[in-house]
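Below is one structure, written out as structure tokens, with a few remarks after it.
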Amino acid sequence: MSQSYNRGTVEDFGRWRDFSAGMWAWIFHKFTGWVLVGYLFTHIAVLSTALSGDDLYTSTISGLEALLIVRFLEVGLLAVAVFHILNGIRLLMVDLGVGLESQDKSFYASLLLTGAIVVASVPTFLGGALV
């Protein structure tokens, strides 16, 4: 059931405290989608260095892999991608009529599973950079 808000003349930015889990799921799904679109353009830009030759591409990739901040950004990208996938599966199940009564629980489960996957993968992503 949707709620309507009386916004008046000035938007009340404090109303985010009243958001339900469904609204947060929608906000996070939109945010992660836009982050993935932004990453796609960055990914294409890095891959386009291969057009200028193997040496430039190799030096670009090795230079990026040497930066610790890039390793942390890769962990963030994993978190964004995993959450977007899990929430998309959750939305697909809801659209199919499965789990309509437990949408909040499935949203929290997708957050928890995303966190577990990201924490488990941190040694893999940061292993070579911290040595």
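All residue numbers refer to positions in the sequence shown, counting from 1.
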Could you give the distance from [atom1] ([X]) to [atom2] ([Y]), rounded to the nearest 0.5 Å?
{"X": "Ile27", "Y": "Thr32", "atom1": "CD1", "atom2": "OG1", "value": "11.5 Å"}
{"X": "Lys105", "Y": "Ser110", "atom1": "NZ", "atom2": "OG", "value": "14.5 Å"}
{"X": "Ile85", "Y": "Ile117", "atom1": "CD1", "atom2": "CD1", "value": "9.0 Å"}
{"X": "Trp24", "Y": "Leu111", "atom1": "CH2", "atom2": "CG", "value": "11.5 Å"}
{"X": "Ser106", "Y": "Ile89", "atom1": "OG", "atom2": "CD1", "value": "11.5 Å"}
{"X": "Trp26", "Y": "Leu91", "atom1": "CH2", "atom2": "CG", "value": "12.0 Å"}

Shortest non-hydrogen contact between [X] and [Y], atoms and distance:
{"X": "Ala25", "Y": "Asn87", "value": "O-ND2, 3.5 Å"}
{"X": "Gly22", "Y": "Asp104", "value": "N-OD1, 4.2 Å"}
{"X": "Ser121", "Y": "Val118", "value": "OG-O, 2.9 Å"}
{"X": "Arg90", "Y": "Gln103", "value": "NH1-O, 3.7 Å"}

Should Val82 and Leu113 be marked as a side chain to side chain contact (heavy atoms under 4.5 Å, CB included) after you check the CA-CA gap, both sets of side-chain angles, and the distance that decides it?
-> CA-CA 9 Å; Val82 168; Leu113 190 56; over 6 Å; no
Single-linkage hydrophobic cluster, 4.5 Å side-chain cutoff, [X] and [Y] together:
{"X": "Val122", "Y": "Leu78", "answer": "yes"}
{"X": "Met23", "Y": "Phe83", "answer": "yes"}
{"X": "Val46", "Y": "Tyr39", "answer": "no"}
{"X": "Leu67", "Y": "Leu47", "answer": "yes"}
{"X": "Ile61", "Y": "Ile69", "answer": "yes"}

Can you name the residues that form a side chain to side chain contact (heavy atoms under 4.5 Å, CB included) with Thr49, not counting sequence neighbours?
->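 Here the qualifying residues are Leu56, Tyr57, Thr60.
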Within the side chain of Ser62, is there an N or O that forms a donor-acceptor pair under 3.5 Å with the backbone of Ser59?
->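 Pair found, side chain donor or acceptor close to backbone of Ser59.
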Could you tell me whether a side-chain N or O of Arg71 sits under 3.5 Å from a main-chain N or O of Leu126, the two making a donor and an acceptor?
->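 Side chain of Arg71 to backbone of Leu126: no pair is present.
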Of all residues at least two apart in sequence or in a different chain, which pass the ring pair (Phe, Tyr, Trp, His ring centres under 6.0 Å) check with Tyr108?
->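 Not a single residue meets the ring pair (Phe, Tyr, Trp, His ring centres under 6.0 Å) criterion with Tyr108.
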Criterion side chain to side chain contact (heavy atoms under 4.5 Å, CB included) on Phe72 and Phe125, from CA distance to verdict | CA-CA 8 Å; Phe72 281 111; Phe125 279 100; over 6 Å; no
When you look at Val70 and Glu65, which way does the side chain to side chain contact (heavy atoms under 4.5 Å, CB included) test go after all the steps?
-> CA-CA 7 Å; Val70 172; Glu65 286 180 352; over 6 Å; no
Describe, in one word, how the ring planes of His29 and His84 are oriented to each other, choosing from parallel (under 30°), tilted (30 to 60°) and perpendicular (over 60°).
->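 Judged by the thresholds at 30° and 60°, the geometry between His29 and His84 is parallel.
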Just wondering, more than 12 heavy atoms not from Asp95 lying within 6.0 Å of its CG?
->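 Result for CG/Asp95: enclosed.
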